[in-house]
Amino acid sequence: MTMHDDPVYQSLVDIVGHDYASNRPEELFIYSVDSGTEGPRKVDYVVLPKTVEQVQKVVMLANRYRVPITPMGANLTLNGLGIPVNGGIVLDMKRMDRILELNRQRKYVVVEAGVTQGKLGSYLEKDCPELEHSRPEAPPMATVVGNIVIRGHGYLSLRYDNNAHHINGMEVVLPTGEICNIGAGCVSPWPFCKGPLPDLTGLFCGWNGTTGVITKLSLKLFPKRRILDVVGYAVRDVELVPEVLCQIAQTDMVDNLFVVGFASASHESQKHVTASITGDLDEEIEYKKAVLKKIAAGYEEARVRFDYPVWAPLKSRFVEKPPYVTPALAADFEKGGGFRYCGAILPVDKIPEAWRKGMEIAHRLGINFSAGIQILGYCHSTMFGFVYPFNRAEEQEVERVRKAMRETNEAVLQMGGIPWKAEVAAQRQIIEKMEPNTHDLMKKIWKALDPNGIMNPGNWCK
Amino acid sequence: MAEVDYKSLVHRCFRCGFCKLTYDYSPVGFNCPIYHRFRLETYSPGGLNWLIRAALVTKGIEWTEHLSEILYSCTMCGNCAEACRFEFGKDLVNMFRQAREDVVETQLGLPKLVNQFLENVYLYGNAFREARETRGDWAAGLPVKQFKKGDEYLYYVGCVGSYDSRSRKAARALGSLLLKAGVSFGILGQEEECDGNEVRLLGEQGLFERQRDRNIERFRELGVRKVVTLSPHSYNALKNDYPGDFEVLHYTQLLRDLIRAGRLPVSQRAVGKVTYHDPCFLGRHNGEYDAPREILRSIPGLELVEMERARNTAFCCGGGGANFYTGISAKGKDQASNARIWDAANAGAGVLAVACPVCLMMLEDAVKSEGLDDKMMVKDISEILDSGT
């Protein structure tokens, strides 16, 4: 059978048109890998739908031929979540790129699944400057829905927790092909909140595309203040970081709380806590600065030093325009085009232990290490990013980073944390620790939703 | 253009995708013309880098006809170099060109129309397989003279302005303006050779050098000291890739100076709202954004409005890198030129001004294919100016 005789390929062409379906080796290669160290893994077809009806037809086709489907946004998880585990169709959602509705009074926006962070951010800045969404530390090509699917977080996560909490509703194509509206929009004409209904949005967040395809999303927007500034704390002793963070969060004056840690070659380390503050009046900013400065006053300056202004390169990460640039630059620390990170969801008090473990792993494997820690929901939890850069041209270095990831995932689980947007191997590590009844429940949900097992099998040991 | 070693850089591409967008992430659309057109990750600067690495560096995938089409779909517009946040990003266009050079040198296989383009230049001195004798026909009826020693400017027209029926009108309008301003100039007519800009971008360095050397030899024989080009593509090659023993101006720079000096009076007329499309090889590649705008603003009765994507974030017409001839990315409803026309329409303009014969050709076709020909005209700045002087 040639690639043109392939009935699945021909059917995909019939659905989306010749230009937007491929089974050619070049597309299969590009979609078989991502920017991290996962892959290559087998891909059989790539298809780019434009409408929900096309998504529906692709799903029904996949059921007919029992071909797996992997939905993909920008494929920027770095952990291979946009690459099929068992081959099949990659459903690249980025042609569904319309911003469908903005409601300034009700403070929500409805986007199609392929709308990027960059597009939504610049659209709001231009047409609705008083509101913003919680933008993640990802390149601007990252999709809004992709971030939600992985329960990603953003720069408003201190106040409003991870971005999956900002969902009002969604349209999904179920694994059996039905189009389903979730949230208030299934009863009301408007997707203005989740409504007093069973929260079905959770069936599609964190499931790595194993339960269906999100095609539209209604997302909460939040007030954006006129002034954005950053204050900082240089914390010498990592043991003090949790209590400093909790004191800052307790003031309820901070919008974003982040810790950046660098380890130098001699393993002397620096930990910088940065707190973003916003306001409409200069006096408001000054007052917040004064309150936050007092926290440092409770410590010897050698141990906790209040920094204002914050070191410019550090500050730019949080205030730069256009945004999204600084975190991506980690990819070229080694002049080698790559980095991986284990984003561990951990209790705040586990930061010191995690820091020491990251240093120990990196030192032992001879790789560089830095940490980016996003505080979620007033210190309810943290995303501790163990960041390992690598040179893509050096296979040994790539392998060392893979090893570091495996060890880090194991260490995180031992600390009582959970790796975020876990790669397939890490998913297995998580499931080994998961209570069996919980994983059985997941299996029952798959069985009910996806009788043919076509939605991204191989993830979560599906 | 500076030389780079693409093999030592290409693995540094992270495929983060900044290169697909404008520098400021305009919500209007993707600013990489091939990603805009095809939407497959293969057709993007990151995709190109990874395919180039896999095919030419690590040899992990085979060279195929489709891979060749992907590599040659790139218009070399330079948006990726502008938008990439990494240090090596400024070299992206050079990296793609160098990879193409390797493909040519190792005879891996070029798309049929790329081969044909290069063969035409080799055999006929122009891309269109046109007779050398007709190269100066655009000037028929105008008292434009052959360049002779002592003339101040050589008016270098280039292949598209010489042979494309629509672009010839722009070539003629510029000739007329130079005459009206009393500029001392001449043309080479049938002695003019393809400047080789696209040839070089297609990776045929040997043929480029032949074209360059022929032109240089003739320029030196004639004592050329200043060249004014109709096309930004010619301007780019002559300014950056030829030995610098003569001054090179794009025509908008010369006309701006002539207007400033009062040598080209500009009269009142009812042009209405005009928007200006920055050609990639004048703007992003050579940093000239102001001269064309200064000319347009000097015209009484003309209101210059800007498109959302302008200056260094301008969206390519889709014709660069010889795509105006090969049509690899310049085909279908979603081609870049069609989207660019809507940028202009959404800016409220009735006239889309260009300063490049390639853009003129591409965007004029797009106006027709989008059914906007009763609402919008595409005109070269030389034509706008010539109609009112």
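Convention: sequence-line order gives letters A, B, ...; per-chain numbering from 1. Please read all numbers here as calculations on a predicted model, not as lab measurements. Worth knowing before you read on, the calculation uses all heavy atoms, side chains too, and leaves out hydrogens, waters and symmetry mates.
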What part of A:Leu76 gets within 4.5 angstrom of chain B, counting heavy atoms only: side chain, backbone, both, or neither?
side chain
Please output the residues of residues 66-75 of chain B in contact with chain A, using a heavy-atom cutoff of under 4.5 Å, in numerical order.
B:His66, B:Leu67, B:Ile70
What residues of residues 314-322 of chain A make heavy-atom contacts with chain B at a cutoff under 4.5 angstrom?
A:Pro322
What part of A:Pro40 lies closer than 4.5 angstrom to a heavy atom of chain B: side chain, backbone, both or neither?
neither
Measure distances from A:Val115 to the heavy atoms of chain B and classify the residue's part below 4.5 Å as side chain, backbone, both or neither.
neither
Rounded to the nearest 0.5 Å, what's the gap from CG on A:Asp19 to NZ on B:Lys331? Could you check?
7.5 Å
Which atoms of A:Val46 are under 4.5 Å from chain B, going by heavy atoms: the side chain, the backbone, both sets, or neither?
side chain
Using the side chain to side chain contact (heavy atoms under 4.5 Å, CB included) rule, take A:Leu78 and B:Phe14 through it: C-alpha gap first, then chi angles, then the decisive distance, then the call.
CA-CA 10 Å; A:Leu78 308 185; B:Phe14 185 56; 3.5 Å; yes
Give, as side chain, backbone, both or neither, the part of A:Asp127 having an atom under 4.5 angstrom from any heavy atom of chain B.
neither
With a 4.5 angstrom heavy-atom cut-off, could you sort out which part of A:Asp332 is near chain B: side chain, backbone, both or neither?
both
Sort A:Tyr31 into side chain, backbone, both or neither according to what part of it lies under 4.5 angstrom from a heavy atom of chain B.
side chain
Does the side chain of A:Glu27 come within less than 4.5 Å of B:Tyr43's, by heavy atoms?
yes
Are B:Asp334 and A:Tyr20 close enough, and set up right, to give a side chain to side chain contact (heavy atoms under 4.5 Å, CB included), and what steps lead you there?
CA-CA 12 Å; B:Asp334 294 326; A:Tyr20 301 111; 2.5 Å; yes
